[in-house]
4 protein chains.
Amino acid sequence: MGSSKQRRGNTRQRIQDVALELFAEQGYEKTSLREIAEQLDVTKAALYYHFKTKEDIVVSLFEDLTKPIDELIEWGREQPSTLDTKQQLIERYSLALAGAAPLFRFMQENQATMRELSIGEMFKDRMTTLLDQLLPPDATMTERVRCFSAIFSMHAGLFVLKDVEGDPEEKRKAILEVATDLITQAHRAD
Amino acid sequence: MGSSKQRRGNTRQRIQDVALELFAEQGYEKTSLREIAEQLDVTKAALYYHFKTKEDIVVSLFEDLTKPIDELIEWGREQPSTLDTKQQLIERYSLALAGAAPLFRFMQENQATMRELSIGEMFKDRMTTLLDQLLPPDATMTERVRCFSAIFSMHAGLFVLKDVEGDPEEKRKAILEVATDLITQAHRAD
Amino acid sequence: MGSSKQRRGNTRQRIQDVALELFAEQGYEKTSLREIAEQLDVTKAALYYHFKTKEDIVVSLFEDLTKPIDELIEWGREQPSTLDTKQQLIERYSLALAGAAPLFRFMQENQATMRELSIGEMFKDRMTTLLDQLLPPDATMTERVRCFSAIFSMHAGLFVLKDVEGDPEEKRKAILEVATDLITQAHRAD
Amino acid sequence: MGSSKQRRGNTRQRIQDVALELFAEQGYEKTSLREIAEQLDVTKAALYYHFKTKEDIVVSLFEDLTKPIDELIEWGREQPSTLDTKQQLIERYSLALAGAAPLFRFMQENQATMRELSIGEMFKDRMTTLLDQLLPPDATMTERVRCFSAIFSMHAGLFVLKDVEGDPEEKRKAILEVATDLITQAHRAD
DNA sequence: TATGAATGAGAGTTCATTCAT
DNA sequence: TATGAATGAACTCTCATTCAT
């Protein structure tokens with residue numbers, strides 16, 4: 001089957017792939033639809049057959065991401081607020097991140113843009129909820145900082161360490177270890 | 001002195017102020033020179049009298065920031081690589097950050113853009129050097145993570161905590177405390 | 001019979017109905033085939049099964065209208081050019097108009113477009129012929145004006161009076177009365 | 001002075017002239033800014049230096065027109081509602097129309113468009129006010145029709161009679177005569 | 001009797017930038 | 001120390017239309 005056959009029926013997916021790659025690499029605003037279309041060897045209008053707007057492409061990318069996180073939060077809600085639960089939460093979060101690394105890179109590096117995108121607020125809500133599950137009740141400022149630091153370091157970590165030599169999985173483990181330490185320190189048994 | 005007097009001779013400064021504010025709020029790409037000019041009640045052409053390009057405005061903004069950091073690094077180079085030195089390093093860094101918060105917010109939220117701007121590489125170099133001063137020789141991956149986490153949390157902290165109630169100085173202290181903990185843990189006496 | 005039964009075999013008709021409604025309401029250029037298709041819950045391509053082009057839809061709409069008018073003109077041609085004939089002509093014309101009000105509204109409000117559409121010239125010819133039947137031989141300028149004014153007022157009247165309260169039939173009668181007056185004044189017994 | 005000198009400082013005016021001509025000839029939607037720009041031998045961007053949007057060009061065109069009409073209405077308001085006043089009103093209106101014929105042609109032929117343009121509502125208000133000044137109190141439907149017919153015939157007349165041979169001023173007089181007849185018939189002394 | 005997927009052309013609009021004055 | 005006028009390139013988006021299935 002030739003390349004034109006392969007293209008049948010999965011153009012939408014291909015748009016998402018290329019878009020994510022370019023958005024992550026160059027930023028959302030700097031990536032034009034012309035560029036995406038050219039890389040796919042279709043016309044700009046074809047993109048509009050599959051997505052209503054440029055923003056719609058981003059939204060569709062985040063839909064795949066939102067579900068695992070929502071499930072994670074849901075799972076957390078059903079558990080007792082113990083240290084063990086928290087440690088499991090960020091371990092699972094670490095895995096979720098690893099599974100959607102380019103998307104997180106995009107988010108991390110385009111925060112100004114995210115704020116204007118409809119998806120931005122949505123994502124911020126998730127983060128706030130997750131943070132709440134990691135915090136003790138009536139947390140002190142320092143405890144707050146430790147928790148947000150744990151989460152944010154995980155977000156940034158994957159890309160910042162790109163330049164550092166070493167196995168990706170080893171890096172992830174190292175980040176997870178530090179994050180676990182942070183939330184452990186922030187945990188207070190009542 | 002009336003507002004027209006105030007304007008005498010400090011237009012350059014006013015451009016920088018407005019530009020920084022808008023860049024930080026809306027992002028670099030989303031902020032047009034028209035917008036900046038309008039808010040200053042001058043024409044776009046006037047901006048070009050003071051700055052060669054749009055990027056030039058950003059570069060000029062970072063110049064004020066670069067010096068304190070360079071001095072900090074220089075100071076660090078002259079000290080012995082003790083835990084105390086490291087603790088002082090990040091304490092001073094924390095103060096430098098607080099003094100240039102909007103600029104850091106801009107940087108933090110426009111990383112994709114920064115990478116394309118000439119200033120990006122420059123700043124990354126500084127960060128690498130600073131990290132090196134905080135790390136023990138032949139640091140393990142976990143130690144690396146702790147250090148970058150310390151620095152990164154300081155960058156992000158100031159803005160993330162904007163929504164949290166509380167005195168800014170108290171927040172800064174809390175962030176500094178966590179960062180200090182992190183580099184302390186990463187320190188290894190030889 | 002359910003709505004899916006109703007749809008059998010009369011899609012063409014439904015396209016015409018929706019198209020006329022939208023053309024009249026928003027104008028020809030502002031109404032896209034996408035819009036028509038969406039309102040019918042079919043795809044754009046389906047429209048192309050029934051009509052060769054967008055213009056073709058308009059043409060088809062006018063076909064229903066052209067026949068009664070052609071018959072009217074034909075009838076007029078067979079009558080002696082008396083005042084009574086003329087009065088009957090515009091009375092019949094008034095009824096024809098009332099039976100195709102939306103189409104006339106469309107014509108009235110999209111004259112610039114009509115001129116470029118093939119149907120435009122055709123319709124103009126009809127009007128000219130009709131005018132000739134109403135005019136005395138070697139009509140003066142004023143007589144000409146009275147006659148065109150009669151016809152034109154009938155065209156415009158139905159829609160202009162939309163905002164005025166009152167029974168539609170009463171309005172039509174009033175318009176007809178004025179138009180009849182006008183052509184009566186323009187009539188000159190030889 | 002060469003053609004490039006002539007262009008200095010009157011580009012705005014030239015845009016208006018060309019735009020009006022093209023809008024009247026081809027319709028608003030069918031006339032693209034590219035077309036206008038090309039005919040003026042400037043870039044599209046130049047148009048945007050002088051006007052904020054395409055609609056803004058139309059609005060600017062109507063501003064010149066609105067004033068005379070507003071003055072006319074104002075004048076009418078100060079007069080007693082006699083037959084003589086009404087006759088003078090439409091005579092003056094006839095002159096105003098003649099002075100802005102292309103604009104009225106545009107309006108007449110792009111009513112569907114006008115309705116969506118911000119200027120549309122404004123103009124409709126003027127017409128309603130003018131009509132009120134011509135109508136007797138508690139006018140019958142027929143009287144209403146006569147008055148609107150007078151006004152509308154004046155609007156349409158100038159262009160409809162374009163194909164008819166004869167001196168334009170003679171045509172105007174003929175139209176005015178018919179219109180005067182109409183409002184005279186509609187006048188009722190209390 | 002339709003649809004899914006795509007195209008080519010073009011629309012209106014905005015941007016950073018230039019330059020004579 | 002600025003402005004007025006303009007440009008060229010790019011942008012997002014929409015449209016009428018086509019064609020294999």
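Because the structure is a prediction, the values reported are computed rather than measured. Order of the sequence lines fixes the chain letters, A, B, ..., with proteins taken first and strands second; residue numbering starts at 1 for each chain.
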Quiz item: More 5' along DNA chain F: C:T31 or A:L33, using each one's nearest nucleotide?
Solution: A:L33
Exercise. Report the distance from atom CD of C:Q13 to atom C1' of E:dT1, rounded to the nearest whole Å.
Key: 17 Å
Exercise. Please report, rounded to the nearest Å, how far the C1' atom of E:dT14 is from the NZ atom of D:K54.
Key: 17 Å
Quiz item: In Watson-Crick or G-U wobble terms, both distances under 3.5 Å, what is the partner of E:dG4?
Solution: F:dC19
Practice problem: Identify which nucleotide among F:dT17, F:dA10, E:dT7 has an atom closest to any side-chain atom of D:K44, counting heavy atoms from C-beta outward. | Solution: F:dA10
Self-check item: Matching residue for D:Q26 among D:E21, D:E35, D:E109 - test: side-chain hydrogen bond (donor to acceptor under 3.5 Å, both in side chains)
Solution: D:E35
Practice problem: Determine, step by step, whether C:Y28 and C:M114 satisfy the side-chain contact (heavy atoms from CB on, under 4.5 Å) criterion, reporting the C-alpha distance in whole Å, the side-chain angles of both residues, the deciding distance to 0.1 Å, and the verdict. | Solution: CA-CA 9 Å; C:Y28 177 75; C:M114 287 294 289; over 6 Å; no
Exercise. Report yes if at least one side-chain N or O of A:S32 is closer than 4.0 Å to OP1 or OP2 of F:dA10; otherwise report no.
Key: no
Quiz item: Starting at CG of B:L47 and ending at P of E:dT18, how long is that distance when rounded to a whole Å?
Solution: 13 Å
Quiz item: Does the C:T31 side chain pair with the main chain of C:L22, one donor and one acceptor, at a distance under 3.5 Å?
Solution: yes
Quiz item: In this structure, which one of B:V18, B:L103, B:L61 forms a side-chain contact (heavy atoms from CB on, under 4.5 Å) with B:F23?
Solution: B:L61
Quiz item: Whole-Å distance between E:dA6 C1' and A:N10 CG?
Solution: 14 Å
Quiz prompt | Whichever of D:K30 and B:Y28 has its nearest DNA chain E nucleotide further upstream toward 5' | solution = D:K30
Self-check item: Side-chain N or O of A:Y48 closer than 4.0 Å to phosphate OP1/OP2 of F:dC13
Solution: yes
Quiz item: Are B:R34 and E:dC15 close enough that a side-chain N or O sits under 4.0 Å from OP1 or OP2?
Solution: yes
Exercise. Return no unless some side-chain N or O of C:T11 is found under 4.0 Å from OP1 or OP2 of E:dT1.
Key: no
Quiz item: Under 4.0 Å between a side-chain N or O of C:T43 and OP1 or OP2 of E:dA2?
Solution: no
Quiz item: For the pair made of NZ in A:K52 and P in F:dC13, what is the distance, rounded to whole Å?
Solution: 11 Å
Quiz item: Is the backbone N or O of A:S118 less than 3.5 Å from a side-chain atom of A:E55, with the two atoms forming a donor-acceptor pair by type?
Solution: yes
Self-check item: Any C:H50 side-chain nitrogen or oxygen under 4.0 Å from OP1 or OP2 of E:dA2
Solution: yes
Quiz prompt | 5'-most by nearest nucleotide on DNA chain E - A:A45 or B:E35 | solution = A:A45
Quiz item: Is A:T53 near enough to F:dT12 that one of its side-chain N or O atoms lies under 4.0 angstrom from OP1 or OP2?
Solution: no
Quiz item: How long is the line joining CG of C:D56 and P of F:dT17, in whole Å?
Solution: 9 Å
Quiz item: Is there a side-chain polar atom (N or O) of D:Y49 under 4.0 Å from OP1 or OP2 of F:dA5?
Solution: yes
Quiz item: Are the side chain of C:E29 and the backbone N or O of D:K30 linked by a donor-acceptor pair below 3.5 Å?
Solution: no
Quiz item: More 5' along DNA chain F: A:E55 or C:E29, using each one's nearest nucleotide?
Solution: A:E55
Self-check item: Atom pair distance, as rounded to whole Å: CD1 in B:I36 and P in E:dT14
Solution: 17 Å
Quiz item: When the distance from CD1 of D:I57 to C1' of E:dT13 is rounded to whole Å, what number comes out?
Solution: 12 Å
